[in-house]
Structures are given as C-alpha cells and as structure tokens.
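If you're wondering where the values come from, they're calculated on a predicted model, not measured in any experiment.
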Amino acid sequence: MITPIYAALLALLYVYLSARVIKLRMKYQVGIGDGQQTLLTRAIRVQGNFGEYVPFALLLVWMYETLSGGPIVVHVLGGALLVGRLLHAYGVSQKHEVLKYRQIGMVMTFVVIVVSAFLLLFKTII
C-alpha cells in the first residue's frame with residue numbers, strides 16, 4: 001500500500017497548519033473569527049482549504065490503488081498532491097500573497113482529483 005504514506009505525510013502537514021492557526025490565535029488573542037488579522041485570516045483559509053480538498057483527493061487515489069492501480073501512478077498522484085498542498089500553503093500564508101504558488105498548488109490538487117477520477121472510471125467501466 002502506497003497511499004497511506006501520502007496520507008500520513010499530509011496528516012502531519014494538516015497538524016502543522018492547525019498548530020499555526022492556534023499559535024496565531026494565541027498571539028492575537030482571538031478565540032473566534034480572525035480578529036481582522038491578515039496572517040490569521042490566511043492561516044485559517046490555508047487550513048480550511050486543505051480540509052476541503054485533501055480528504056477527497058486521497059480517497060480517490062486510494063480507490064485507484066485498491067483497484068490494482070499502478071504503483072508509479074499512485075506515487076505521482078500522491079507526490080503531486082503533497083507538493084501542491086505545500087505550494088498552496090506557502091503562497092496563501094504570506095502577508096503579501098505569492099499568487100503563482102497558490103495557483104500552481106490548486107492546479108496540482110485539481111489535476112490529482114481529475115486524473116484519479118478518470119482513472120477510476122476507466123478501471124471500473126472498461
């Protein structure tokens with residue numbers, strides 16, 4: 001099984017992103033919302049965006065793997081998802097957003113989802 005490796009690495013990244021939100025909440029003394037603190041707003045969105053896309057993407061990759069998907073393809077998909085989320089997190093986390101990292105990160109995430117979906121359709125229909 002390959003997907004659990006990427007699930008574990010992404011889980012660690014999620015914990016880091018969550019800890020960063022907590023640290024900023026403590027720094028700015030904000031319990032709910034963002035207290036109109038730009039860095040906290042960005043950290044909350046990075047964490048939220050991760051939670052919105054990563055579980056579904058991992059599920060698709062895992063389903064492909066369990067249907068005897070090629071190990072190299074699984075590594076490419078898992079690696080692309082991990083790198084994409086790191087780029088997205090970096091781009092959005094900056095006080096002055098680095099848009100190209102955000103965009104590349106999201107494109108990589110969407111590519112993993114779309115390619116995985118088509119691979120699943122191909123494996124199950126044909």
Quick one: which residue pairs count as a salt bridge (Lys or Arg N to Asp or Glu O under 4.0 Å) with a foot in [range], not counting sequence neighbours?
range           : value
residues 8-34   : none
residues 89-117 : Arg42-Glu97, Glu97-Arg102
residues 44-56  : Arg45-Glu52

Not counting sequence neighbours, which residues clear side-chain hydrogen bond (donor to acceptor under 3.5 Å, both in side chains) with [X]? List them please.
X     : result
Gln37 : none
Ser18 : Gln47
Gln29 : none

Joining Ile, Leu, Val, Met, Phe, Trp and Tyr whenever any side-chain heavy atoms lie under 4.5 Å apart, the cluster holding Ile72 also takes in Val76
The remaining residues in the hydrophobic cluster of Met26, counting side-chain heavy-atom contacts under 4.5 Å among Ile, Leu, Val, Met, Phe, Trp and Tyr, are Ile22
Item checked: Residue pairs, two or more places apart or on separate chains, that pass side chain to side chain donor-acceptor pair (under 3.5 Å) and touch residues 106-116 ->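 Every side chain to side chain donor-acceptor pair (under 3.5 Å) pair that includes a residue of residues 106-116, provided the two are not neighbours, is Arg85-Thr109.
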Scan for side chain to side chain donor-acceptor pair (under 3.5 Å) pairs involving residues 117-126, sequence neighbours excluded, and state none if there are none.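 Side chain to side chain donor-acceptor pair (under 3.5 Å) check on residues 117-126 returns no pairs.
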task = Quick one: which residue pairs count as a ring-ring contact (aromatic ring centres under 6.0 Å, His included) with a foot in residues 74-94, not counting sequence neighbours?
result =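 Every pair satisfying ring-ring contact (aromatic ring centres under 6.0 Å, His included) with a residue in residues 74-94: Tyr6-His75, Tyr90-Tyr101.
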ring-ring contact (aromatic ring centres under 6.0 Å, His included) pairs touching residues 17-62, sequence neighbours excluded, are Tyr14-Phe50, Tyr53-Phe110
